[in-house]
Structure formats: structure tokens, C-alpha cells
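Just so it is clear: chains get the letters A, B, ... in the order the sequence lines come, proteins before strands, and each one is counted from 1.
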Amino acid sequence: MAKLPKRSEDYSGWYNELVKSADLAENSAVRGCMVIKPYGYSIWEKMQQELDRRFKETGHSNAYFPLFIPKSYLSKEASHVEGFAKECAVVTHYRLKNSPDGKGVIVDPDAKLEEELIVRPTSETIIWNTYKNWVQSYRDLPILVNQWANVVRWEMRTRLFLRTAEFLWQEGHTAHATQQEAEAEAQQMLEVYADFAENIMALPVLKGVKTPNERFAGAIDTYCIEALMQDGKALQAGTSHFLGQNFAKAFDVKFTAKDNKLDFVWGTSWGVSTRLMGALIMAHSDDEGLVLPPNLAPIQVVIVPIYKTEEQLNAISEKVNGWKKELIKQGISVKFDNRDTQSPGWKFAEYELKGVPIRIAIGPRDLENNTCEVARRDTKEKFSVNGDEIVQLIPELLKKIQDTIYQKALSFKNQNTIEVNSWEEFKKAIDTKGGFISAHWDGTSETEEKIKEETKATIRCIPLNNKQEAGKCIFTGNPSKERVIFALNY
RNA sequence: CGGGGUGUAGCGUAGCCCGGUAUCGCGCUUGGUUUGGGACCAAGAGGUCGUAGGUUCGAAUCCUGCCACCCCGACCA
């Protein structure tokens, strides 16, 4: 098995190789589209389960809307169409026929669609067009719907998980009778995402609101969680939008309120995607491979037997099967890798590459002493444990590992969040270690654009509950009332 | 979509400048010895040299188009 490039020498090469060699995903025959392999997909499934549970707990139901959107729908909300027009895949025909030259098939020119269909880049338009029929009275509100789906955005430059032409996500779309309720919903879902990121992904995030430049096309406010990767670049891990009445107006979604007045409904939308896989990988993993938080690891504990004779293997198996049964009873996923085709050393390296949080090795010496060797993936610590205590120890250790991974990421984030007060300091910070850079900004899009042109850094967000503090914009020197967070980003 | 690079067995590569149908390692198969950090020995199998054309007696090698991937830019709610 090829060795990974070192993070310190070739970060993006490390990421690309890791995604492939850990069996998470690979490129497909279709440009920009990936194949998510079983091991990678099972991590995504765990994310889905956790998120889905949280969505249900906050009152949402799943539904499904079409992959195809009539072209005309997209043009109904002006800024929305502008945001997506350049990256839409378009269906123009509905039939193929045999090529006249006998070689393969061609698009049948007689089968042209009357109205072309867009492959959804996001579903606001088709959903709001549908909501129009669902809403008459305040009694029909709120509508709290989520869908798990694939979307297509025809990206020029793609990277596995981080930016692909097709990706998987969930998109929540809600409709409310009042502005306050919709705003509260958008903020609530941001909290759901932050809670998920921190407790399940072990990923500390910065909650904030986007500047107009970075806002979702069609939203009044875009909230986001931003995470910091090990190379000092930020990654937007989730967004939640307060849509105001923009889509209701575009699709004429009105309701009669208690006071018999007709009004447009208020909307939100929110989503996270398979991009979270990229965040997970880049936040925690090391030069030996993936480091998975136990809450998302498809295999939480792997047990590797070391033996010479069949009798030894039988004795080990008997012991291990007892442990396994007890651990599974506690909801822990355990793999006993008793394959005879690979050596123990090979297996050790393999499970490190795949990020399995705990490895237990047990051999003849352990049998004699009633012990086993436990190894942590996150700290690489190894220690001997009494065989009678292992079943009790594992769940505690999994919790400890989850926490250690989170704390490590948190201290990295804290150490790489810095305040700067001058343009020189700002440029130096961007050029050296990156990170979240807290700086004063005069509040104008022009300044934001110029800073981006000169340094590639963008405003990731204005933190929620931001401290109000008078200062001077690092670029223009104009007065500023608060600091915002700049970073290079994915 | 622009600039640069790469594409040779499942993976990683040599050969390309200077044309004569392909090197090495890992992996794979079989047999044997092994097994506490990616085991060893032996014998094997596996290649339209990304793809389509062109030049040539002859192309992995030279030329052109196309495709994919990587890096840089543009783009990225």
C-alpha cells in the first residue's frame, strides 16, 4: 500500500490520497462526479441518521420533490437565478434512437422537450411552487419539510467531497405565518447543525451570519457554521437561510391570517451536504490516515488475533466472541478480523488508515495472562488491559476518544483564531498560518471585494452575538463597529 | 473556461529527448515456511502503452484532435 504524502509537505495531495486509499470515494467515469464507496457511504449514513433524528425532534418531516425543475421556475426569483444560472445542467430531449450509421445511439431530434428541464441545483423553486397549493390559511402553517436528495451544480473545478458536480445533501424548506417564527426557525436549525458538528463530528464551529456578498441568492439572511481545517483554511460546514417573503412573492404563496388579512408566507431553507465528509477528514486525520470520531466510525472497535496454531486461534476466538457479544449488546460496532490472509502488522496499518478508533490485539501471551493490548487511534497510545475489564472499558474509552478528538480540534481552532489591527498584520497572517482572522471592516462590499482581490481571503462570517467594539477598518481605515472573521476558504 | 503538468498491468513507476511492440516494485495466483507493527522463498498469470487520427517499412516514443486527473487562475448561493 502506497504511503500517504505528509500533510506538512503536500496537504492537498495528502487529502486526495487519503480519500482514495481509505476507501471513502473515487472519481467516476463522469467528469466531476464521484463514486462514494461503501466505507465512505457508511460514514455518510451515520451522519444522516444523526441529523435526521434531530430534524424529526424539532418537528420536521421528510418528503421528496422532483429532480427536474421547469426552466421557467428558476427565473422567478431574480437574485436566485443569477446565483445558479451559470452552473445548471439542462435536459433538452427525452429520447434516444439508433444512430443511422449503426454505431451506438444519438439524441432523437424529434424528441425535443417543449420546456427544458433543469436538474435541481437546489429545490426552492419547485418546492415553493408546490407550497402555493398547500397553503390557504394560517391553519396550514407552518410547513416543516426536509428532503434528502442529490443536486447538481456544474462546477469547473472539482475535488472529492469538497466540491463535486453532483452531491448528496439534505435541504429543509419551511413556511411560516410570521417573520419572527421564520427567523427563529433559521436560527434553530443553525443550532442543530452546530450541535451535530460538535457532538457527533467532534468539529468545533464558529456560528455567524454571512455578509451580503456571501449570502445565498434569494435570502435575506444566511447563517452559517464555519470550521477550521488543519491547513488553516476555513470550510463552510452548513448554512441556514431566512428567506423572508422572497420566494412566497415569486411563487405567489399567500395565506389568510387570523385577522382575515391576506399576506405572503415567510420562509427558510437550510442544508448540509457530503462536503461534511471533507470537513471530517481534514479536521482530524493525520499522516497515518483517517482519524474518525467514535460517533461516526463505521467500525468502532477492531479486534486482531495473533496466533500460530489453530488451537490458539480457537482459544482467542472463544474469548473474543464473548467480548463481541457484550459490546454489540451495548450498541458498539465491533469487527473481529480473523482473516488468515493478512498478517497482524498489515491489519494494524490498514485499520489506522481507515481511522478505526480502538484496536484490540490478542495473542498467546495475552491468553496466558488474561489480557489484551488496546491501542487508541487518536493518541496512538497502547496499553495492556485485563480481559475481564475490557467490556466495561471500551464504552468509556470511546467517549474519551470522542472528547479528545474534539478538544484537540478546539484548541487548534482557538490557537488559530487571531485578532489583527493593521493591514500588514492581516497580510502576514494570511500568508503564514492562515486561520480565523478577526479584524475590523468598514461594512462595505467594495472593501470586502478589494481585500479578496489582494489576499484571496473572504469574510467567512460575522459571529453571532458579536461583541460591539469601535475600531478602524484594516483596509480603508474607515470607522467600524465590530470585528468580522476573515479566512482563506474551501 | 485560460495557463502548466500528467496518463505505460489492480496500484506506483522506468523507457520517450535520440522510433525497432515494454522495465522494476507492490499487489494477484499456486506451493511451502511464517504471524506481538505493512513476513519470506520459489514458480506463475496479467499490458488495445488514456483515446482517435496522422507521419513512417515500423510509434509507448514524433505530430494533431479529444478524454480524464493534478497544480495555478477565473468561477463557486
Side-chain angles (χ1 to χ4, degrees), chain A residues 1-5 10-17 20-21 26-34 74 77-88 120-125 151 153-160 162-165 167 169 171 210-224 235-236 239-241 243 246-247 269-271 273 275 288-289 304-310 312-313 316 337-353 359-369 371-373 375 380 382 384 452-453 456 458 489-490:
Chain A
M1 192 149 307
K3 266 225 148 181
L4 291 173
D10 179 8
Y11 192 84
S12 66
W14 166 81
Y15 174 83
N16 293 336
E17 283 305 311
K20 284 182 222 167
S21 58
E26 61 189 35
N27 286 300
S28 71
V30 183
R31 180 197 198 117
C33 296
M34 65 179 160
L74 219 67
E77 213 285 333
S79 59
H80 188 65
V81 63
E82 202 173 319
F84 288 105
K86 277 178 275 185
E87 48 187 30
C88 285
R120 62 179 167 221
T122 179
S123 302
E124 273 78 4
T125 57
V151 287
R153 298 177 189 178
W154 213 258
E155 301 287 354
M156 288 303 171
R157 215 174 138 183
T158 59
R159 287 185 78 188
L160 292 172
L162 296 173
R163 176 166 290 122
T164 47
F167 56 91
W169 77 344
E171 45 181 327
K210 290 290 188 188
T211 62
N213 265 3
E214 301 278 327
R215 193 181 283 158
F216 173 72
I220 305 291
D221 273 317
T222 290
Y223 300 97
C224 62
L235 187 146
Q236 178 179 294
T239 51
S240 178
H241 315 291
L243 301 173
N246 290 353
F247 284 91
S269 65
W270 27 275
S273 71
R275 198 173 209 221
E288 276 72 53
V304 176
I306 296 155
Y307 60 94
K308 286 196 171 73
T309 66
E310 193 142 335
Q312 285 172 342
L313 177 61
I316 289 169
D337 189 350
N338 59 359
R339 284 178 299 174
D340 193 28
T341 50
Q342 314 291 353
S343 71
W346 190 93
K347 291 175 187 173
F348 291 176
E350 177 73 4
Y351 291 112
E352 270 161 22
L353 181 63
R359 181 187 73 229
I360 299 175
I362 173 165
R365 286 206 303 269
D366 292 305
L367 278 183
E368 271 175 42
N369 306 325
T371 56
C372 61
E373 183 197 70
K380 306 211 177 75
K382 288 195 272 196
S384 187
K452 185 180 176 183
E453 270 169 40
K456 290 189 205 160
T458 53
N489 73 297
Y490 279 96

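Contacts of A:Glu373 with the nucleic acid, taken as non-hydrogen atoms under 4.0 Å apart, include base atoms. Residue contacts shown for A:Arg339 are absent, as no nucleic acid heavy atom lies under 4.0 Å away. Residue-level contact check: A:Pro121 touches neither bases nor backbone, having no heavy atom under 4.0 Å from any strand. Within the nucleic acid shown, A:Gln342 has no heavy atom closer than 4.0 Å to any nucleic acid atom.
Between A:Lys86 atom NZ and B:rC75 atom P the separation is 8 Å, expressed in whole Å. With rounding to whole Å, A:Trp346 atom CH2 is found 10 Å from B:rG27 atom C1'. Taking atom CH2 on A:Trp154 and atom C1' on B:rC76, their separation rounds to 16 Å, with Å as the unit. When rounded to the nearest whole Å, the span between CG of A:Asp337 and P of B:rU35 equals 18 Å. The interatomic distance linking A:Lys308 (NZ) with B:rA39 (P) rounds to 15 Å, in whole Å. For the pair A:Leu313 CG and B:rU35 C1', the interatomic distance rounds to 12 Å; values are reported in whole Å. If you measure from atom CD1 of A:Ile306 to atom C1' of B:rU35, you get 8 Å, rounded to the nearest angstrom. B:rC11 atom P lies 17 Å from atom CG of A:Leu353, rounded to whole Å.
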Handout entry: Step-by-step side-chain contact (heavy atoms from CB on, under 4.5 Å) determination, A:Arg163 to A:Arg157
Key = CA-CA 8 Å; A:Arg163 176 166 290 122; A:Arg157 215 174 138 183; 5.8 Å; no
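For A:Ser343, a side-chain nitrogen or oxygen approaches OP1 or OP2 of B:rA39 to under 4.0 Å.
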Protein N or O to nucleotides 69-72 of chain B N or O, pairs below 3.5 Å:
{"from": "B:rC69", "atom 1": "OP1", "to": "A:Gly32", "atom 2": "N", "distance (Å)": "3.4"}
{"from": "B:rC71", "atom 1": "OP1", "to": "A:Ser12", "atom 2": "OG", "distance (Å)": "3.1"}
{"from": "B:rC72", "atom 1": "OP2", "to": "A:Arg157", "atom 2": "NH2", "distance (Å)": "2.7"}

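Across all their heavy atoms, A:Phe84 and A:Cys88 have their closest contact at O-SG, 3.3 Å.
Taking atom P on both B:rU51 and B:rA9, the two are 10 Å apart, rounded to the nearest angstrom. Between B:rG58 and B:rG53, the two P atoms lie 16 Å apart (nearest whole Å). If you take atom P in B:rG27 and the same atom in B:rC41, they sit 11 Å apart, rounded to whole Å. Nucleotides B:rG20 and B:rA59 are separated by 10 Å at their C1' atoms, to the nearest Å. Only the C1' atoms considered, B:rC40 is 41 Å distant from B:rC17, to the nearest whole Å. One C1' atom belongs to B:rA22, the other to B:rU61, and the distance between them is 11 Å to the nearest Å. Spacing of P atoms, B:rG32 relative to B:rA68, comes out at 49 Å, to the nearest Å. Taking atom C1' in both B:rU21 and B:rG15, one finds a spacing of 13 Å when rounded to whole Å.
Interatomic distance, OG of A:Ser21 versus CD of A:Glu350, reported as 9.0 Å (0.5 Å rounding).
With sequence neighbours excluded, no residue satisfies side chain to side chain donor-acceptor pair (under 3.5 Å) with A:Thr164. Annotation: side chain to side chain contact (heavy atoms under 4.5 Å, CB included) contacts of A:Glu373 (sequence neighbours excluded): A:Arg359, A:Ala361, A:Lys382. A:Thr341 pairs by the side chain to side chain contact (heavy atoms under 4.5 Å, CB included) definition with A:Arg339, not counting sequence neighbours. A:Trp14 pairs by the ring-ring contact (aromatic ring centres under 6.0 Å, His included) definition with A:Tyr11, not counting sequence neighbours. Under the side chain to side chain contact (heavy atoms under 4.5 Å, CB included) criterion, A:Lys452 pairs with A:Thr458, not counting sequence neighbours. Evaluation of the salt bridge (Lys or Arg N to Asp or Glu O under 4.0 Å) rule for A:Glu288 yields A:Lys380 as partners, not counting sequence neighbours. A:Thr371 meets the side chain to side chain contact (heavy atoms under 4.5 Å, CB included) test with A:Asp366, A:Asn369, A:Ser384; sequence neighbours excluded.
Remark on RNA chain B: of its neighbouring residues A:Thr341 and A:Ala375, the 5'-side contact belongs to A:Thr341, judged by nearest-heavy-atom nucleotide. Between A:Glu155 and A:Asp366, the residue whose closest nucleotide on RNA chain B is further toward the 5' end is A:Asp366.
Comparing B:rG36, B:rG37, B:rA74 by their closest approach to the side chain of A:Arg359 singles out B:rG37.
Residues A:Pro5 and A:Glu17 are in side-chain contact: their nearest non-hydrogen atoms beyond the backbone lie under 4.5 Å apart.
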Completion exercise
Under the rule of Watson-Crick or G-U wobble with both distances under 3.5 Å, where | means paired to another strand and [ ] a crossing pair, RNA chain B maps to ((((((((.[[[..)....(...]]].((((((.....)))))).....[[[[[..)....]]]]])))))))....
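The base of B:rG37 is paired with the side chain of A:Lys382 by a donor and an acceptor separated by under 3.5 Å.
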